2 protein chains.
Amino acid sequence: MQTLTRKEREKQERESKILQLASAMLKESGYLGLSMDRIAAEMEYSKGTIYQHFPNKEEIILSLANEALKKRLDMFETASAWNATSRQRMAAIGAAAAEFVRIHPMYFAVDQLVRSASIWEKTSDQRRQFMQNCEASCMRIVGGIVNDAITDGDLRLANNMTAEVLVFGLWSMNFGAYSIITSSDSLEQVGLPEPEIALWHNQNLLLDGYGWTPLSSDFDYFHTFEQAKQELFGGRTPNEP
Amino acid sequence: MQTLTRKEREKQERESKILQLASAMLKESGYLGLSMDRIAAEMEYSKGTIYQHFPNKEEIILSLANEALKKRLDMFETASAWNATSRQRMAAIGAAAAEFVRIHPMYFAVDQLVRSASIWEKTSDQRRQFMQNCEASCMRIVGGIVNDAITDGDLRLANNMTAEVLVFGLWSMNFGAYSIITSSDSLEQVGLPEPEIALWHNQNLLLDGYGWTPLSSDFDYFHTFEQAKQELFGGRTPNEP
DNA sequence: CTCAATTATTGACTATTCGTCATTTAATGA
DNA sequence: TCATTAAATGACGAATAGTCAATAATTGAG
């Protein structure tokens, strides 16, 4: 006996089919190529039915972003709960971020879209709040690791510093790096054949700059990174075929 | 005696008027609010005439980005040519970036737009190359300062490191931070009342992590930053009323 | 100055899109 | 069986990008 009626199940299936199609279209031809008419046509439903699921195009896009963000939050939680030193847990967060990008190469494009085009205003409070919640939760998780490091004596912040500033440093570096990486194919021509590794080095050196011990010169965090990837997200990540 | 005929001048004026209007519209209501019809209406010209200047909407957007990028390149060159230590010149680059964002708050939104929506494909080779050129030049300038630092003995890169990796670190951090800052109004709610200052700290700590002397703990780079802002870009920046 | 040739401008037109809603179709259960 | 409720439809209105034949303005040779 199911908790959902056949109708409810059908509806949910259709919804995920819509999102799946939309994701493919977005990947294929960007925001402008994502057309409600085409979704309806490919679904073999009329447009009106699609609009019963999502009141507008923007809600679909934000839904896609939220699906991804939810997974990222899970991965960050997994990384944070790892039994290791604070900086190793931080490395695990890095592994989570890298794995997330591997699984959702579209996410940054979508996130940028949501931020830049006037998509935000057209979406429902509920979905907007969900998104902000996910982001805030991610920050809180990373902030928690920072505070643990302080508690453990591995990190001492200067007077005019807060954990939030450090988290913002990592966040902005990651966001920027992956935005550039996923939307630019000419990085080799500019002397950066392996931008992901460059990001990894820079993250470590930033934490070294904060004096978060053990410093990356004294410990092989790349090994930790690979280990976290394997143990925590190895083989198959949750919710992914 | 002008080198341009009256017609050419008129055309150029009209072109900059179009860009000006487009910029305002983009600021006002985003990519979707930027309408060729509305531009034509507000210019009091017909649509066809607008299309004689720009073959499509996307070219207008890329033009706007390029206008801004050109100015940033100028500012970076100015900063790099400053007579000071390598890390001070780096601080001047930071001042240039900050000043650039102050003058062009729209730039990051437009840049993200160009990257994420399918704008890139629709634009001319010429404009695309101009953009890539500007970006590459900016990187080269910053890379030049890094190399000067190495020559001066203020910086020693590890074996597996290159100047490009460092530049990428600064680039991604700046790009990410300003993208987030200019597209998010809820940073205070997340414990970041002054994100620009946070960025500044993080940049310095990253360079400290690289061991670029004098370290920020030994030298007041914020003073340098303010000084560069004043001396190099103070009062009125070039090409700005 | 005149007027044919060139150049610039126009806006009606096509095609495409989003989102709505009266109408039709299907499902339900008394 | 059939009245009532729910779901699905697609024609429609309103915007928009971009085109292009027709029109207006400019130019410069005679």
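So you know, we letter chains A, B, ... as the sequences are listed, proteins then strands, and number each from 1. Since the structure is predicted, the reported quantities are computational estimates derived from the model, not experimental observations.
Classified by interplanar angle (parallel below 30°, tilted 30° to 60°, perpendicular above 60°), the ring pair B:Trp171/B:Phe168 is perpendicular. Under the 30°/60° scheme for interplanar angles, the aromatic rings of B:Phe225 and B:Trp200 are found to be tilted.
Counting all heavy atoms, side chain and backbone alike, A:Val165 lies closest to B:Asn202 at O-ND2, 3.0 Å.
Within the structure, side chain to side chain donor-acceptor pair (under 3.5 Å) contacts touching residues 105-115 of chain B (residues at least two apart or in different chains) are A:Ser183-B:Arg115, B:Tyr107-B:Asp111, B:Asp111-B:Arg115, B:Gln112-B:Ser179, B:Arg115-B:Glu135.
Rounded to 10°, the helix from C:dC1-D:dG30 to C:dA30-D:dT1 has 20° between the axis fitted to its first five pairs and the one fitted to its last five.
Stacking of B:Lys57 on the aromatic ring of B:Tyr31 is recorded, both the 6.0 Å distance cut-off and the 45° axial limit being met.
Using a cut-off of 4.0 Å between Lys/Arg side-chain N and Asp/Glu carboxylate O, B:Arg128 and B:Asp125 are scored as salt-bridged.
Separating the CE atom of B:Met36 from the P atom of C:dT17 is a distance of 18 Å, rounded to the nearest angstrom. Note: NZ (A:Lys11) to P (C:dA27) measures 16 Å, nearest angstrom.
Taking 4.0 Å as the cutoff to heavy atoms of chain A, we find the contact window on DNA chain D bounded by D:dA7 to D:dG10.
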Hey, can you pull the donor-acceptor pairs under 3.5 Å for the side chains in residues 18-28 of chain B, sequence neighbours left out?
none

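For DNA chain C, the neighbouring residues in residues 13-29 of chain B, judged by any heavy atom under 4.0 Å, are B:Arg14. Listed by residue number, the members of residues 37-59 of chain B with any heavy atom below 4.0 angstrom from DNA chain C are B:Tyr45, B:Ser46, B:Gly48, B:Thr49, B:Gln52.
For the atom pair CZ (B:Phe100) and CD1 (B:Ile93), the distance works out to 13.0 Å, reported to the nearest 0.5 Å.
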